[in-house]
Protein chains: 2
Amino acid sequence: MQISNAEEITGFFKALSNITRLKIVAELAKNDKCVSDVENIIGTRQANISQHLAVLKKYGVVDCRRDGNMRCYFLRQPEVVKNVLWLLGKKE
Amino acid sequence: MQISNAEEITGFFKALSNITRLKIVAELAKNDKCVSDVENIIGTRQANISQHLAVLKKYGVVDCRRDGNMRCYFLRQPEVVKNVLWLLGKKE
DNA sequence: ATCTGATATTAACGTTTTCGTATATTCTTT
DNA sequence: AAAGAATATACGAAAACGTTAATATCAGAT
């Protein structure tokens with residue numbers, strides 16, 4: 001097992017190491033969502049959701065596009081994320 | 001995508017979100033190793049390696065067995081770990 | 001019983017995360 | 001232009017993390 005891009009990989013893990021961000025990512029795995037959608041589902045303050053989305057974006061897990069005055073967030077590598085979560089869900 | 005055991009999953013990510021621990025895990029994916037083996041390969045002080053191994057153990061990523069006065073560490077779910085790392089290695 | 005090698009634990013300290021509050025930005029509508 | 005809705009950013013306090021150095025533990029050999 002060779003780890004070439006270790007920084008990138010630890011970044012991915014860091015991004016998903018917070019329970020709120022994990023929930024956000026699990027939601028985005030279903031479909032793209034704007035910030036207020038996420039806010040309603042997760043039940044956390046808007047500013048905090050935005051902060052977590054910024055972290056996820058910083059580590060390359062998500063990206064977003066404008067849609068009116070909303071921003072629509074989506075997974076950059078949906079299949080990778082889904083497979084990883086599936087593997088861990090199956091764990092023991 | 002349903003996340004039932006979110007705590008456990010974020011724990012796994014937290015465990016692997018540090019570059020030293022990622023390296024340790026990548027080494028253990030090759031074969032089991034005692035602390036001094038890891039120390040030599042990673043090139044970090046013994047105390048630090050032990051601490052990181054303790055974190056990995058706390059989050060259920062590794063476990064260990066005694067072998068004389070050494071401790072032999074190994075991955076608890078080698079296939080899960082290998083598959084996750086493989087997926088991320090293939091990213092983009 | 002003591003010494004030694006291997007590993008673990010603890011304390012201290014600087015750095016990073018997390019989350020709240022407040023404020024700013026940007027687009028849309030009027 | 002002004003107001004309102006949606007989102008982002010700034011800042012500060014508390015908690016968590018990472019590293020080093022020092023010390024403790026524990027199994028095996030003498």
Side-chain angles (χ1 to χ4, degrees), chain A residues 3 6-28 31-76, chain B residues 3 6-28 31-76:
Chain A
I3 299 295
E7 294 280 354
E8 192 184 336
I9 294 181
T10 54
F12 178 88
F13 288 134
K14 195 167 295 189
L16 296 198
S17 68
N18 171 280
I19 202 153
T20 300
R21 289 197 294 271
L22 180 66
K23 287 180 187 168
I24 292 173
V25 165
E27 284 304 320
L28 295 183
N31 47 41
D32 303 357
K33 290 188 172 63
C34 70
V35 178
S36 58
D37 291 337
V38 176
E39 190 186 346
N40 291 328
I41 293 170
I42 308 289
T44 305
R45 290 159 217 283
Q46 176 269 318
N48 198 3
I49 296 290
S50 275
Q51 286 164 343
H52 283 305
L53 285 168
V55 173
L56 289 170
K57 194 174 175 189
K58 168 182 165 192
Y59 289 117
V61 178
V62 307
D63 204 347
C64 68
R65 58 172 170 275
R66 289 210 99 98
D67 177 16
N69 61 355
M70 308 196 215
R71 294 212 185 181
C72 197
Y73 282 82
F74 54 90
L75 297 179
R76 284 185 60 184
Chain B
I3 298 295
E7 293 280 354
E8 192 186 336
I9 294 180
T10 53
F12 178 87
F13 288 133
K14 197 167 294 190
L16 296 197
S17 68
N18 172 279
I19 201 152
T20 299
R21 291 196 294 269
L22 180 65
K23 287 179 187 170
I24 293 175
V25 166
E27 283 305 318
L28 295 183
N31 47 42
D32 304 358
K33 290 188 172 64
C34 71
V35 179
S36 58
D37 291 336
V38 176
E39 190 186 346
N40 291 329
I41 292 170
I42 308 290
T44 305
R45 288 160 218 284
Q46 176 270 318
N48 198 3
I49 296 289
S50 275
Q51 286 162 340
H52 283 304
L53 284 167
V55 173
L56 289 169
K57 194 173 174 189
K58 167 182 167 193
Y59 289 118
V61 178
V62 308
D63 204 347
C64 69
R65 58 173 170 277
R66 289 211 98 97
D67 177 16
N69 61 354
M70 310 197 214
R71 293 209 187 183
C72 197
Y73 281 82
F74 53 91
L75 297 179
R76 285 184 59 184

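Letters A, B, ... mirror the listed sequences (proteins, then strands); counts begin at 1.
Residues meeting the salt bridge (Lys or Arg N to Asp or Glu O under 4.0 Å) test with B:E27, sequence neighbours left out: B:K30, B:K33. Under the side-chain contact (heavy atoms from CB on, under 4.5 Å) criterion, B:K23 pairs with B:I19, B:I42, sequence neighbours left out.
Note that the CD1 atom of A:I24 and the CG atom of A:L56 stand 6.0 Å from one another [nearest 0.5 Å].
Checked by atom type and distance alone, the side chain of B:R21 pairs as donor or acceptor with a backbone atom of B:K14 at under 3.5 Å.
Rounded to an integer number of Å, the gap from CD1 of B:I19 to P of C:dT16 is 15 Å. What separates CZ of B:R65 from P of C:dA6 is a distance of 18 Å, to the nearest Å.
Residues in residues 37-47 of chain A take part in these side-chain hydrogen bond (donor to acceptor under 3.5 Å, both in side chains) pairs, two or more places apart or across chains: A:Q46-A:S50.
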In residues 63-74 of chain A, what donor-acceptor pairs under 3.5 Å come from side-chain atoms, sequence neighbours left out?
| from | atom 1 | to | atom 2 | distance (Å) |
| --- | --- | --- | --- | --- |
| A:R65 | NH2 | A:D32 | OD2 | 3.0 |

Distances under 3.5 Å between nitrogen or oxygen atoms of protein and nucleotides 1-7 of chain D:
| from | atom 1 | to | atom 2 | distance (Å) |
| --- | --- | --- | --- | --- |
| D:dT7 | OP1 | A:V35 | N | 3.3 |
| D:dT7 | OP1 | A:R71 | N | 3.4 |
| D:dT7 | OP2 | A:S36 | N | 2.8 |
| D:dT7 | OP2 | A:S36 | OG | 3.2 |

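Counting only heavy atoms from C-beta outward, the side chains of A:N18 and A:L22 never approach each other to under 4.5 Å.
Closest approach of B:F13 and A:S17 over heavy atoms only: CB-CA, 3.8 Å.
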*Scan nucleotides 16-21 of chain D nucleotide by nucleotide, 5' to 3', and note B when protein non-hydrogen atoms come under 4.0 Å of the base, S if they reach only the sugar-phosphate, - if neither.*
-SSBBB
